[in-house]
Each structure stands twice: as structure tokens, then as C-alpha cells.
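Just so you know, these numbers come straight off a predicted model, no measurement behind them.
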Amino acid sequence: MKRSSSQRAALVGRRTAMGLVALVLLAAGVWSSWATAHHVVLAQGREHGTLTVTECGEETCTGRYEPDATSAARARVTVERSVAAGKGDRFPVVVKPGTDAVVRTGVPGLLHAWMPLGGAMVLAGFVIGGGLRMPRTAWGVGTAGAALLVATFVAL
């Protein structure tokens, strides 16, 4: 059965709209992740050291910062609570320029930084599968996003 021109236009419109929704979801995930990830990915030339967690609040943890050879000493720095396991833990960090806030480095820090992208990929998988009718691509995108989220959970 041949489709009429209005049916073809509706199909093209739906696919275009769903493609834009999926693209916006993925772009938002990258944008949100990059706010933290660029400190980890582009860490060369930044202050590196080790954080020893001394206390945790509801959203942040604070602790002693032991600098590497090229870093300045700091009496107290803060890190996002979700990357700090608990009091007494030690892990490598990089200092955000111009602040006393730090970001966890290494594989756990990198995975945590890209976590918003993982969530966006899971959501985009549903849009790709349902709206674009591309089930294989949807499974691939959704599974990759879920794998990133699970790997982050395991690493932290």
C-alpha cells in the first residue's frame, strides 16, 4: 500500500522531532558531565594531591589535603559527598582552579564525572526505540548508558 504525501510528511516530522529530542538529551548529558569531567580529563597543569576525609555533611565532605610536589598546601578542602565513601578514606584529587573544592581523579572520579551522560543515554535509548523505531540502536545506547551507571556504582 502506498503512503500519501501527508502520511510521509507526518512520518518525517515525527522522526525529525524524536531525533531532536534524543540529540538534546545526549547533548544535555555531555554538557552536564563536562562541568566536572574537564577537571579530571584535562588535569595536566592543575594542582594534584590526596584528600583524607575528616567529616561529611549532607552534600559535601571536607578533609585534609596533602599536596603533590607542585601543589600548594591547603588546610581544608571540600568534595562532593557522593564520591567520598566516608570518614578516614583517602583518594587522589585535583583542585578546581580558584577554589578549595576538589574533584576525585582516577577511574572512579572519571566514571562519576560522566554519570549524567550515562543517565541521558538510558533516556535517549527509550526515545530512539519508541520514537524513531530503531530498536537495535536503542538497545546499544541504553545498554552503554546503563553500563556506565553500573560501573560508576561499582567503582565508588
Side-chain angles (χ1 to χ4, degrees), residues 17-156:
M18 290 296 109
L20 286 173
V21 168
L23 187 64
V24 166
L25 281 170
L26 293 173
V30 169
W31 183 266
S32 180
S33 295
W34 190 247
T36 302
H38 80 277
H39 296 293
V40 179
V41 174
L42 303 174
Q44 187 175 11
R46 297 186 193 265
E47 296 181 61
H48 293 266
T50 303
L51 171 68
T52 304
V53 178
T54 56
E55 67 179 88
C56 286
E58 208 165 296
E59 293 186 18
T60 61
C61 290
T62 58
R64 291 188 320 272
Y65 174 74
E66 299 162 16
D68 287 353
T70 60
S71 185
R74 296 172 191 272
R76 181 176 154 145
V77 293
T78 60
V79 68
E80 200 176 307
R81 181 172 171 79
S82 60
V83 298
K87 188 175 179 180
D89 288 343
R90 295 172 44 95
F91 45 85
V93 293
V94 63
V95 179
K96 290 182 180 181
T99 68
D100 283 331
V102 295
V103 177
R104 189 170 183 169
T105 58
V107 174
L110 184 66
L111 289 172
H112 182 266
W114 288 107
M115 203 168 64
L117 177 61
M121 290 172 74
V122 171
L123 291 174
F126 287 109
V127 173
I128 293 168
L132 293 175
R133 311 270 186 213
M134 298 171 65
R136 289 184 187 144
T137 304
W139 274 105
V141 171
T143 302
L148 177 57
L149 294 175
V150 169
T152 302
F153 177 77
V154 170
L156 291 176

Val102 and Phe91: side chain to side chain contact (heavy atoms under 4.5 Å, CB included), yes or no, with the steps? CA-CA 11 Å; Val102 295; Phe91 45 85; 6.0 Å; no

For [X] and [Y], work out which heavy atoms get closest and say how close.
| X | Y | result |
| --- | --- | --- |
| Leu26 | Leu117 | O-CD1, 4.0 Å |
| Tyr65 | His48 | OH-O, 2.9 Å |
| Ala113 | Ala37 | CB-CA, 3.6 Å |
| Glu58 | Arg81 | O-CD, 3.4 Å |

Nearest 0.5 angstrom please: [X] [atom1] to [Y] [atom2], how far?
| X | Y | atom1 | atom2 | result |
| --- | --- | --- | --- | --- |
| His112 | Ser33 | NE2 | OG | 10.0 Å |
| Arg76 | Arg64 | CZ | CZ | 12.5 Å |
| Leu20 | Leu25 | CG | CG | 11.0 Å |

State whether the side chain of Thr105 and the backbone N or O of Val94 hold a donor-acceptor pair below 3.5 Å, judged by distance alone.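 Between the backbone of Val94 and the side chain of Thr105 there is no qualifying donor-acceptor contact (under 3.5 Å).
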
Backbone N or O of Pro67 within a donor-acceptor pair of the Glu47 side chain at under 3.5 Å?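 Absent.
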
When the side chains of residues 138-156 are checked against the rest of the protein, which donor-acceptor pairs come out under 3.5 Å, sequence neighbours left out?
residue : atom : partner : partner atom : Å
Thr143  : OG1  : Trp139  : O            : 2.6
Thr152  : OG1  : Leu111  : O            : 3.2
Thr152  : OG1  : Leu148  : O            : 2.8

Under 3.5 Å, sequence neighbours excluded: what are the donor-acceptor pairs made by side chains of residues 49-57?
residue : atom : partner : partner atom : Å
Thr52   : OG1  : Glu66   : OE2          : 3.4
Thr52   : OG1  : Arg90   : NH1          : 3.3
Thr54   : OG1  : Thr62   : O            : 3.2

Side-chain touch Pro97/His39, heavy atoms, less than 4.5 angstrom: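 Yes. Closest side-chain heavy atoms under 4.5 Å.
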
Only pairs under 3.5 Å count here: list side-chain donor-acceptor contacts from residues 124-134, not counting sequence neighbours, and write none if there are none.
none

